[in-house]
Amino acid sequence: MMATPTSIEPPPERRPRRSRTRTALALGMAGLLASAGVTALTGTAEAASTLGAAAAEKGRYFGAAVAANHLGEAPYASTLNTEFNSVTPENEMKWDATERTRGSFTFGSADQIVNHAQSRGMKVRGHTLVWHSQLPSWVAGLGTADLRSAMNNHITQVMQRYKGKIHSWDVVNEAFQDGNSGARRSSPFQDKLGNGFIEEAFRTARAADPAAKLCYNDYNTDGVNAKSNAVYNLVRDFKSRGVPIDCVGFQSHFNSASPVPSDYQANLQRFAALGVDVQITELDIEGSGTAQANNYGNVVRACLAVSRCTGITVWGVTDKYSWRASGTPLLFDGNYAKKPAYGAVLSALGGSQRRLYGDVQQGRGVE
Ligand code: 9MR
């Protein structure tokens with residue numbers, strides 16, 4: 001069977017519409033080829049060949065955390081631009097980046113990422129407004145009344161800067177303790193403003209940018225446990241009292257000590273049943289090869305099985321710049337080559353990798 005090399009095809013948007021007869025013939029042929037182990041043929045409806053496009057066909061986004069200072073690296077930018085349709089600034093929107101000195105806001109690096117994304121039609125997740133970490137020391141030094149007004153001002157200024165440009169905001173990040181207590185974590189906000197600080201932050205956030213989805217985001221909440229129960233109770237309480245909250249972010253940082261929980265999907269589902277979207281916000285899974293690929297595939301399938309799981313963000317583009325690079329937890333290796341995990345994610349999303357003409361000549365399969 002001759003196959004036209006994909007590389008000479010125009011992109012889908014410039015291809016003429018096919019007649020119904022041709023499509024039917026092509027589909028019939030695709031069936032025959034599928035039974036011969038060939039996944040697709042030029043001339044059939046093509047599976048999406050990038051993470052973003054495949055996720056979009058499932059009504060989801062597929063994003064990556066990005067760092068402004070890597071955008072000038074050609075393979076970094078081209079991998080980002082080709083594969084992802086959402087970005088999260090990895091550090092650039094945090095308090096220490098945006099308001100290092102009280103009342104003096106700096107948005108240069110965050111602007112760079114937002115502009116990069118907007119000019120390419122990518123969504124932006126805002127990360128993060130109220131968090132105990134990466135917090136300039138002046139915040140911890142404030143008294144209660146000043147801290148309240150500083151928190152609300154910070155939320156308002158940062159959100160208004162990007163009003164209308166942010167799909168979802170991590171309004172409050174990591175407010176609960178690890179372990180079995182289900183208690184709040186000590187932070188300047190918790191210690192001085194008390195339990196009500198989360199509600200106050202969300203109310204302020206809703207007023208600052210009513211179009212943005214407002215998320216609570218945390219780690220070690222990926223399965224059913226004391227910490228996720230505490231978050232669940234918070235969200236249930238907010239929904240019952242009309243406190244604005246639209247989504248819960250599950251960071252999903254996994255490794256052998258903290259594997260993908262067997263009740264991951266069930267946990268996502270129970271939150272969704274409260275009437276919020278769920279998002280996988282910082283996914284990375286340490287490991288390599290088939291084991292890593294299988295874990296990634298399972299995470300993606302869990303999200304797709306939950307209708308309110310609206311998107312997945314991996315916490316970086318390449319292993320090279322991961323916050324835990326030695327664990328090689330991402331989808332592209334340090335040379336931007338696609339790892340087995342990439343293939344598992346793409347295939348779980350219903351996509352398929354495009355083969356080049358050289359692959360056809362060498363019998364590696366065709367499209
Ligand atoms: O990936 C981020 C890394 O570059 C920073 O040094 C670190 C500082 O705390 O934050 C990392 O991102 C964290 C995210 O903002 C919140 N969840 C945990 C992430 C990994 O530590």
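Not measured: the values here are computed from a predicted model. Atom set for the values below is all heavy atoms of this structure, side chains included, hydrogens, waters and symmetry mates excluded. In each ligand, atom 1 is the first atom listed, and ligand 1 is the first ligand listed.
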Sequence neighbours left out, what passes side-chain hydrogen bond (donor to acceptor under 3.5 Å, both in side chains) with Ser228? Give chain and number order.
-> Asn225, Arg270

Kindly tell me which protein residues have any non-hydrogen atom under 4.0 angstrom away from an atom of ligand 1, grouped by chain and ordered by number?
-> Glu90, Asn91, Lys94, His127, Trp131, Ser133, Gln134, Asn173, Glu174, Gln251, His253, Glu282, Trp315, Trp323

In short, ring pair (Phe, Tyr, Trp, His ring centres under 6.0 Å) pairs touching residues 271-291 with sequence neighbours left out are Tyr232-Phe271, Phe250-Phe271

Check whether the side chains of Glu92 and Gln112 place a donor and an acceptor atom closer than 3.5 Å, and report yes or no.
-> no

Residues in ring-ring contact (aromatic ring centres under 6.0 Å, His included) contact with Tyr296, at least two apart in sequence or another chain | none

Tyr264 and Phe254 aromatic ring geometry - parallel, tilted or perpendicular at 30°/60° bounds = perpendicular

Any Lys/Arg nitrogen of Asp246 or Arg206 sitting under 4.0 Å from an Asp/Glu carboxylate oxygen of the other?
-> yes

